[in-house]
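In what follows, a structure is listed as structure tokens, so that the remarks can point back to it.
Order of the sequence lines sets the chain letters (A, B, ...), proteins ahead of strands, with each chain counted from 1.
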Amino acid sequence: MRRQHLVARLHRLSLYLFPRAFRTRFGDEVHDAFTHGLSARQTRGARVRYLAGALLDVPRSAAAEWWRSRPTWQRIGDGLWQDVRDGRRAITGQAGATAAVVVTLALGVGANAAIFRLADAVLLRPLPIAQPERVVALFHVPAGATEAAYYGLGNGLSYSAFRALESGTTPDTPMTGIAGFIDVEVGLHDDSGARQLTAGAVSGGYFSILGLRAAAGRLIEPADDVRGGAARVAVLSDALWARDYGRRYNAVGQTLTLGGTTFTIVGIAPRGFRGTRLSARPDLWVPMTTLLDLRAGGIWNGPLGQRMLGDHPLGWVRTIGRLRDDVTPTQASEDLRSRLGPPQSDRILDARPIVEAAALGDRDGLLRFVTMLWIVVGLTLLVACLNVANLLYVRSSGRIRELAMRAALGASRGRLIRQLLVEHVGLAALSAVGAAGIAILTLRLLATFTLPGNIAIDELGLGAMPDVQTAIGVAVVALLTALAAGVGPAVRASSQTSASWLRAHGTAHRRGPRRALIAGQVAATVVLLVGALLFVRSLRAGLQTDLGFEPNRLSAVSVDLFRYGYDVRRARAYYDDAALRGSGLPGVQAVALATHVPLSPLVLLPLTAPDGLRRQDDMLVAGFSSVTWNYFDVMGIRMLEGRTFQATDVSSGSLVAVVSESAARGLFGSAPGVLGREIHLFDERRLTVIGVVADVKTTSVRDQDVPMVYQHFAQETPTGGVSLVARSLAPAATLAALRQTLRTVDATVAPYNERLVSDQIADALSTQRFGSVLLSLFAVVALTVAAVGIAGVVAYTTNERAMELGVRRALGAGAGHLVRVVTGSAGVGVAAGLCLGLAAAAILSRTLERFLFGVATHDWPSYLATILIIGAAAGAALLTPARRSLRTDPLVAMRHE
Amino acid sequence: MATGCTWRPTRILTAPTLQYKHYVYINMPPARTPTSTLPLKTEVLQILVALASGPRHGYAIMQQVEADSAGAVVPQAGAFYRTIRNMLIDDLVEECDDPGESDRDARARYYYRLTRHGRAVARSEMSRLSQVVRLGQSRHLTGRLKQ
């Protein structure tokens, strides 16, 4: 009997396997039938058989019942469609709130997507080459050299040393192959005239070491790169192929004229490959042995060029190598160095990963800059999310009545949450569409800027559209943001049962979360504002900086005669004619010629002063420019000592130079007393110093006194590009007239790089401008969003507490008191956010240090301005809705409730 | 309507069983005829036959089925009540109050009886089966039917 009792209880327990609906209706009956049946079995065997049957029956029936009660697609569809309709009604029913949420989310997510695309292109996968981790860039520098030494011309191998190493490298050596390259500016001549392009002169193994395969035709091979029998072949980049040939395959086999020499196009480089350096992105590649045919100017023309491709010790060949799988970069570079003879082996060969070297000298700056961008857009997204959360919170609070009604009519809590989720997914979908638009706009905006290290974003090939990954990312982020912002309020709203709503509808104030959301928004906005103001002030400081010359009213235009088959005699005649005609133009005060005009890229070359401080092993790296006698006058550069060039210098036979103050200090220790002393150039020419001029900002306004050596234009006619620079009353008009004049001197020569020098100040400040524009933009967005959010919260609070306010008013409270009641909570949030934000800004602004110019990161006017702006915006946001609420009649408010 | 019997929904319209009603409505065939659900499942047919003599409670039906098959069929409670539930939904049987004659058990029990539709379905099934049996007999597929 006891055993039967136990079996019955076990059976009763086992009924819990059934779904509840079945159990509550049939459970007792099933159990009764079972116990009756069991007691009806007389024999032990019958009872065992009966129990065995029951043992199978309960789980089988329960499983069948569960299967039967599964939600059918029809039922899910029914509910979902209902939710979608409800969601649409909720979204369109509150168009204002919906628009605020969608715009906010779209701005935050879209901007983030664009910045991600940029970071991806610059930092994460800058080089589309095979196994980039096995490829290194080799820098031939003195041991312990600073990062600066890795820049410029002297950090590579000399041509003869490179060729020696190249021929000694086999697949069995630690470095399975090395290749050299140099990027030079060349003139491309076609029917439409002349254009400046960047050409990569590469050794034969270059493309195979990078593991690249041609998109069409073939790439440059070792057989092309043979001294004496060099093939004049060119490989186009995909960008040039697309631009000039519309990606037509018959481009292969056609010819083009570079620097007066005809090259045959043999192939197209793979899409996305633009060399291994981010700051110089070749449009095409030619074999290194054809380098002199390009007539790239500077050291590449004339007898010096011949020596450069011979035994000249200058290390101009930038070298890359692929490591064997089992060696470290250090082992491989040591092996190479051991094969270099002295004096080449005195320096180290530093092997850096190619990806790191791609942005060498800039990588750290790039990393910081992109990090800064990310912080900026991240903060904007944070403000956006907080605001969306706030809006949704307020919105869902307003819907508690509706939700409570649904709950009373039998909707389950899950069903209510699902409905709210569907609504938020709808919001997310709208936001994602908006975000894609914002991302496209942001990418267009980004394309107009330059990253630190002179990397034009336009040339990174980001494209006008976000790629698929970014698009998916946008969708996911928008969804997660909307859900994250929506789930909390959804759960909270749905947990308000009808009972609690009936008990206290609308009088339960939970101000804590809202206050925290406001504080978060304000803090993030403060950080953005401080950053924006720092950049704006930095830009201002940059624009007002003393350049060492007078940039206004200067216009400049360049020509490169040697690309048009000129010789030195004809070139001299051209320059004389051009200068004469130019200075005769109306409004022009004077015209000077120079190989370098400030605020443009500069060739840095080493020089020594044997009777000064600099000996053979300690050369000064200085900028060089050949200028005419009146150059310093035209530019407004102060003469500190000595004299400028004269016509008599030419006949005197000895070469003369004017040096800048910092060059004089670097060479001889002090500026006074350097007149008449001798300096030696890297190519062993000797120059006598005849004058000292003030330092100028040579390449950008951020330069710190780059030493300059000015040579006499008439003494040694430059064989590369030359700029005509004119001082005039109307520089823009002069620029056009100057171009016209040069055409009349020789119509076949195409002038290039026409510019107003004052415009170049802004170009040189591109990073500051970029930072200013971007941060200001985001700061304004964040400020607007935060202000709207604060105003929304106050307006909501006012409505929510209308009855209380009415009572207070009726009891004689003044307007000031009521405003304090309404805005008090939000005001505390604003104040807390302001303090928090100022502290965070003080910390975060340190990441900006490198990009700021003439402004400290703890620049107090920026912080003060931020406090004032936040104060004004928050004041307006707090008071506008609060004041409006005061106009409501207390009686009306109370009756409404 | 016989005394003591109420229309089905009023009896089962309690919160947990709400979905049965819901289910009935959305799955109700537009034109319900006695032949539209034929052939019947064996256990359904057995229950219909067992209920032919009048209302019974669940366990009594199970006993009757067992007796009708001379012990060959032993219904298991879980499966049996699932069938009953399906027959309720299909309107073959309905619940009714204790007819007050057959059972002296003090506990309140659900009694089941054939609906008008259930009886019609059972008749249709019987005639269908007898037709099959007659066909089989005429083709000497079976021995003579026992009387």
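The structure places CZ of B:R85 at 4.0 Å from CZ of A:R68, a figure rounded to the nearest 0.5 Å.
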- request: Evaluate the criterion side chain to side chain contact (heavy atoms under 4.5 Å, CB included) for residue pair B:Y59 and A:E29; output intermediate values, then yes/no.
  value: CA-CA 8 Å; B:Y59 180 61; A:E29 287 194 68; over 6 Å; no

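Below 4.5 Å, heavy atoms of chain A meet heavy atoms from B:Q76, B:A77, B:G78, B:A79, B:Y81, B:R82, B:I84, all part of residues 76-84 of chain B.
With a threshold of 4.5 angstrom between heavy atoms, A:A64 approaches chain B through its backbone and through its side chain. If you measure heavy-atom distances from A:V58 to chain B, you find no contacts under 4.5 Å at all. When heavy atoms are compared at a cutoff of 4.5 Å, B:E66 approaches chain A solely by way of its side chain, counted from C-beta outward.
In the displayed structure, A:R9 atom CZ is contacted under 6.0 Å by at most 12 heavy atoms of other residues, nucleotides or ligands.
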